[in-house]
Every structure is written in structure tokens, then in C-alpha cells.
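Quick note on labels: first sequence line is chain A, next is B, and so on, each numbered from 1.
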Number of protein chains: 2
Amino acid sequence: MARIKLHEQVRRRIERLIADQAIKPGAQIPAETDLAGEFNVSRTTIRNALNVLEQEGKIERTRGRGTVVRQPRLGQLLGRLLSFTEEMKLRGLTPSNRLIEMTQTVPSTPIRTLLRLDSESVWRIRRVRCANGEPIAIETCYIPWSALNEQDAENLGNGSLYELLGRLGRAPDRSEQSAQAASATPEEAALLNIESNRPVLRFERLSFDANGEPIEFVTSTYRGDKYSFHVLLKR
Amino acid sequence: MARIKLHEQVRRRIERLIADQAIKPGAQIPAETDLAGEFNVSRTTIRNALNVLEQEGKIERTRGRGTVVRQPRLGQLLGRLLSFTEEMKLRGLTPSNRLIEMTQTVPSTPIRTLLRLDSESVWRIRRVRCANGEPIAIETCYIPWSALNEQDAENLGNGSLYELLGRLGRAPDRSEQSAQAASATPEEAALLNIESNRPVLRFERLSFDANGEPIEFVTSTYRGDKYSFHVLLKR
DNA sequence: CAGTGGTCTAGACCACCTA
DNA sequence: AGGTGGTCTAGACCACTGC
């Protein structure tokens with residue numbers, strides 16, 4: 001029986017209120033002390049929950065004034081680590097995948113270094129990622145061989161890799177991600193159904209499990225015209 | 001007399017230790033309880049300070065194991081709101097500016113809406129941003145007229161806008177930023193000293209002061225070959 | 001002025017790691 | 001078993017807002 005953290009329970013209940021429009025965008029959320037009383041937890045726990053909601057862009061806090069529900073204005077905000085599947089669902093799109101390649105190889109030295117491997121092999125998984133059936137991105141993902149057996153790997157045609165890794169006890173916990181603008185190579189252009197040299201967003205992501213062990217290295221190429229990346233920054 | 005927050009004092013002292021290599025990358029930082037004893041503050045205060053350092057990518061915490069100084073591996077990480085000037089300094093580059101345009105205009109409707117203006121005019125400031133003398137980005141920045149007088153504005157050729165706004169009591173506190181890949185327009189290409197249609201990273205940023213009032217809207221176009229954007233994401 | 005979120009204290013127990 | 005960071009409590013005072 002998995003123990004669910006208190007502040008997570010609180011967060012979900014408030015998220016639910018927002019999603020159901022029980023508290024409408026722009027409207028005020030009860031004060032932190034009131035929430036603490038209602039949920040029968042300490043104010044610290046309430047604040048932990050609200051910190052996450054703030055980071056996700058769902059609420060906005062102002063000292064002396066209160067906390068209000070934000071009306072999402074730009075696209076979906078990405079302040080936390082999400083899988084492609086999760087992200088597309090958040091944006092209200094239906095994700096799907098097309099598996100292009102799934103092989104076991106020994107990767108290049110830089111990738112071996114990032115994944116802290118010597119000469120072990122990895123799974124190399126290439127997928128075209130679609131939203132509402134339309135190709136949005138190409139993802140090439142390197143998973144240490146030891147993390148995945150062949151049978152598990154077979155389900156990846158449709159499923160979420162993060163979900164799978166979670167069931168194996170190696171859920172991603174944090175990642176370093178970089179983004180860069182580039183031109184689509186002919187191969188990318190063909191897979192994404194765009195012309196060569198059109199602008200694309202290229203991401204590299206190195207993810208770690210809760211032990212700080214590298215669990216995946218991913219490069220993704222997103223169509224420049226169909227995708228943008230949003231963050232909330234605090235001073 | 002400005003009151004400096006306790007956790008900020010603590011953060012700076014630890015940052016100093018890291019910068020001076022008194023604690024080397026990979027080495028362990030004293031436990032939170034020990035730090036609390038040393039600095040004579042509560043553990044909560046220590047944790048507030050460490051949270052920021054973690055978000056900035058300077059330390060890495062693992063439950064049961066401890067906290068170590070991260071060796072920066074990718075480029076500079078951007079988890080917090082920085083000005084161009086600050087960012088370039090962090091990357092060890094020398095920032096400079098070339099002012100292209102500085103006018104007072106009434107902006108288009110979408111920008112008026114973002115800045116919550118009716119028909120008031122704004123300062124429209126276009127600058128080429130350079131690192132070590134080389135053009136890196138074009139920045140077009142819209143500041144509500146009321147926030148800046150003509151004399152202040154004159155210093156912008158060389159100075160930091162954020163510093164100036166801070167002195168006027170309207171320092172940016174948070175911002176919403178989006179990033180997109182695109183092709184350089186002929187004008188952009190000329191200013192950035194690249195060919196037309198080369199990939200660029202286009203950012204839009206809407207910043208707010210501590211009262212939640214919009215203080216600037218900025219669009220920036222960065223050379224795709226000279227710039228990438230890094231973030232640390234937590235699950 | 002009362003009410004809000006921001007900061008801070010001094011404890012406590014837990015989950016997890018290393019030895 | 002002892003030490004670590006993660007969670008949580010029950011208080012307190014402060015800075016700021018808006019009436």
C-alpha cells in the first residue's frame with residue numbers, strides 16, 4: 001500500500017476544485033490558515049502544496065492580497081518533468097506513437113559518459129510522436145539495457161515509457177534539459193511531414209531516478225510551427 | 001536600511017564557498033542540521049536556502065546520502081529569471097548592447113492586452129545584444145510609459161534594464177516565457193550577421209513586478225547556432 | 001484595522017542510505 | 001545503528017494589502 005504524501009493529497013484536492021471550476025479563474029482561494037483548518041493539516045503542508053501549484057502556473061500568490069486561480073493565457077506551462085504522453089493530455093490533445101526503431105546497441109562515447117556506462121549496451125528507441133494523429137516530434141531515446149527487458153520493451157509501441165519505468169521502480173525524478181533551434185534534416189523532414197530545412201526545436205534530456213542514477217537520455221526534434229515551450233520563471 | 005532575508009544570507013555564504021572552491025564539485029556539504037547549528041538558524045531556513053541552490057543547479061540532494069556540489073556539465077542552467085546582462089556574465093561572457101531604436105508608441109492590441117493598458121503609450125526599445133562583441137540576439141522590449149522617464153531611459157545604451165527598474169521600485173519578480181524555433185527574417189539576419197532563413201530561437205517574455213503588475217513585454221530572437229536554453233526539471 | 005502571504009523557530013517522525 | 005534529507009506540526013512575527 002503506497003503512502004501518499006499529505007501535501008500531495010491536498011494539492012490534488014485543490015487541483016480538482018480548479019479543474020471542476022468550483023473555483024473559477026480569477027477567483028480567490030481560501031487563505032492558507034483557513035485551508036489548514038479545513039484539511040486538518042499544518043500551514044506548512046498547505047504551503048508545500050501551493051508551491052507546486054504556483055510552479056505549475058495554476059495559481060498566483062500575492063502577499064497581503066491572497067491567492068487566486070490563474071487563467072491560463074499562453075499555452076500549457078512546463079515547469080515540471082512530464083512525459084510526451086502526459087504533456088499532450090494536459091494540452092487537451094490525444095497522443096499516439098509510431099515506433100521506427102528499437103535496437104540494442106553500444107552508444108557513442110558522449111552518450112555512454114552521460115549515462116555513466118562503460119561498454120554496456122543500451123536500448124535505442126526511435127519513435128514518431130503524434131498529437132491528434134499528426135506528427136509533432138521525433139524522439140530518440142537511450143535506456144540502459146539493465147533497466148528494461150525485452151518483454152517490457154514490447155509495450156512501448158503505445159504506452160508511456162515513464163509509466164513503465166515507474167512500475168519497475170526506476171521512475172524519473174529529475175532531468176536536465178536543453179533546447180536549441182535547428183533546421184530539419186531531410187530524414188527528419190520526411191518523418192515530420194514538413195520540408196527540409198524548416199525550423200525545428202531540438203531538445204536533449206538526461207533524466208535521473210530518485211537515486212541520482214541516469215535512467216534515460218533523449219533527443220527530441222519538434223516541428224517549429226507546431227510546438228512551443230513555456231516556463232514560469234521566478235526572480 | 002534594507003533588511004536581507006536570513007535564508008538569502010545563508011544562500012550567499014554557501015554560494016561563496018562553492019565559488020571559492022572551498023567545497024569542490026562532487027564534495028559533500030555539511031548536513032542540514034549541522035548547517036543550522038553553524039549559521040545559528042533553524043533548519044527550515046537552511047532548507048529554503050538550499051532549495052534555491054538546487055533549483056539553480058548548484059547542488060544536488062539525495063535522501064539518506066546527503067548534499068553534494070554539482071559540477072556544471074551542460075551550459076549554464078536557467079531556472080530563475082535573469083536579465084541578458086546577468087545571464088551572459090554567468091556564462092563568463094562580456095555583454096554589450098547596441099541600441100537600434102527607442103521610441104514612444106501605442107502598441108498593437110495584443111501587446112496592450114498583455115500589459116493591461118488601454119490606450120497609453122509605451123517605450124519601444126530595440127537592442128542588439130552581444131556577447132564578447134558578437135551579436136547574439138535582438139531584443140524588442142515594451143515598457144509601460146509610466147514606468148520610465150526620458151532621462152532614465154537614456155542610460156539604457158549600456159546598462160541593465162532590470163537594474164534600472166529595480167532602482168525605480170518596480171523590479172521584475174516573475175515572468176512567463178515561451179520559446180519557439182523559427183527562421184531568421186532578412187532584417188534579423190542582417191542584424192545578427194547570419195544568412196536569411198537560418199534557424200533562430202524566438203522568446204516571448206512577460207514580466208511582472210512584486211504586485212503582479214506587468215512591467216515589460218519582450219520578444220527576443222537568438223542565433224540558433226550560438227545559443228541554447230537549459231532547464232532543470234523536477235518530477 | 002483585520003487579513004493575507006512571507007519568513008522563521010524548535011521541535012518531531014519517517015524513509016532511505018551507508019556501514 | 002547512526003546519519004541523511006523529506007515531511008509535518010504548532011506555533012510566532014513581519015510586510016503588505018485593502019477597507
List the residues meeting side chain to side chain contact (heavy atoms under 4.5 Å, CB included) with B:Ser220, not counting sequence neighbours, and say none if there are none. B:Glu139, B:Phe203, B:Val218, B:Tyr222

Summary of salt bridge (charged side-chain N to carboxylate O under 4.0 Å, His left out) pairs that have at least one residue in residues 40-53 of chain B, sequence neighbours excluded: B:Glu32-B:Arg43, B:Glu32-B:Arg47

Does A:Glu15 have any salt bridge (charged side-chain N to carboxylate O under 4.0 Å, His left out) partners at least two apart in sequence or in another chain, and if so, which? A:Arg11, A:Lys58

Looking at every heavy atom in both B:Asn97 and B:Arg127, which two are closest together, and how far apart are they? ND2-NH1, 3.8 Å

Minimum heavy-atom separation for A:Tyr227 to B:Gln180, with atom names? O-CG, 3.9 Å

Less than 4.0 angstrom from a charged side-chain N to a carboxylate O is my criterion; do B:Arg70 and A:Glu176 meet it? yes

Extract from the structure each pairing of a protein N or O with an N or O of nucleotides 7-9 of chain C at less than 3.5 Å, listing the distance.
from: C:dT7; atom 1: OP1; to: B:Lys5; atom 2: NZ; distance (Å): 3.4
from: C:dC8; atom 1: OP1; to: B:Leu6; atom 2: N; distance (Å): 2.4
from: C:dC8; atom 1: OP2; to: B:His7; atom 2: N; distance (Å): 3.2
from: C:dC8; atom 1: OP2; to: B:His7; atom 2: ND1; distance (Å): 2.8
from: C:dT9; atom 1: OP2; to: B:Ser42; atom 2: N; distance (Å): 2.7
from: C:dT9; atom 1: OP2; to: B:Ser42; atom 2: OG; distance (Å): 2.7
from: C:dT9; atom 1: OP2; to: B:Thr45; atom 2: OG1; distance (Å): 2.4

Dump the intermediate steps for side-chain hydrogen bond (donor to acceptor under 3.5 Å, both in side chains) on A:Glu216 and A:Ser207, then the final yes or no. CA-CA 5 Å; A:Glu216 63 157 6; A:Ser207 304; 2.8 Å; yes

For A:Asp209 and C:dC17, give me the distance from atom CG to atom C1', rounded to whole Å. 14 Å

Nearest whole angstrom, please: distance from the P of C:dA15 to the CZ of B:Arg61. 19 Å

Is the phosphate of C:dT18 approached by B:Arg65 (side-chain N or O, under 4.0 Å from OP1 or OP2)? yes

Quick check on D:dT17: is either OP1 or OP2 less than 4.0 Å from any side-chain nitrogen or oxygen of B:Asn211? yes

For the helix from C:dC1-D:dG18 to C:dT18-D:dA1, what angle lies between the axis at the first five pairs and the axis at the last five pairs, to 10 degrees? 10°

Side chains of A:Val122 and A:Thr105, heavy atoms from C-beta outward: is any pair under 4.5 Å? yes

Short of 4.0 Å, heavy atom to strand atom, which residues of residues 26-38 of chain B count as contacting DNA chain C? none

Which distance, rounded to the nearest 0.5 Å, do you find between the CD of A:Gln177 and the CG of A:Leu81? 8.0 Å

Begin from the C-alpha positions of B:Arg126 and B:Thr140 and carry the test side-chain hydrogen bond (donor to acceptor under 3.5 Å, both in side chains) through to its verdict. CA-CA 4 Å; B:Arg126 294 196 86 198; B:Thr140 308; 3.0 Å; yes

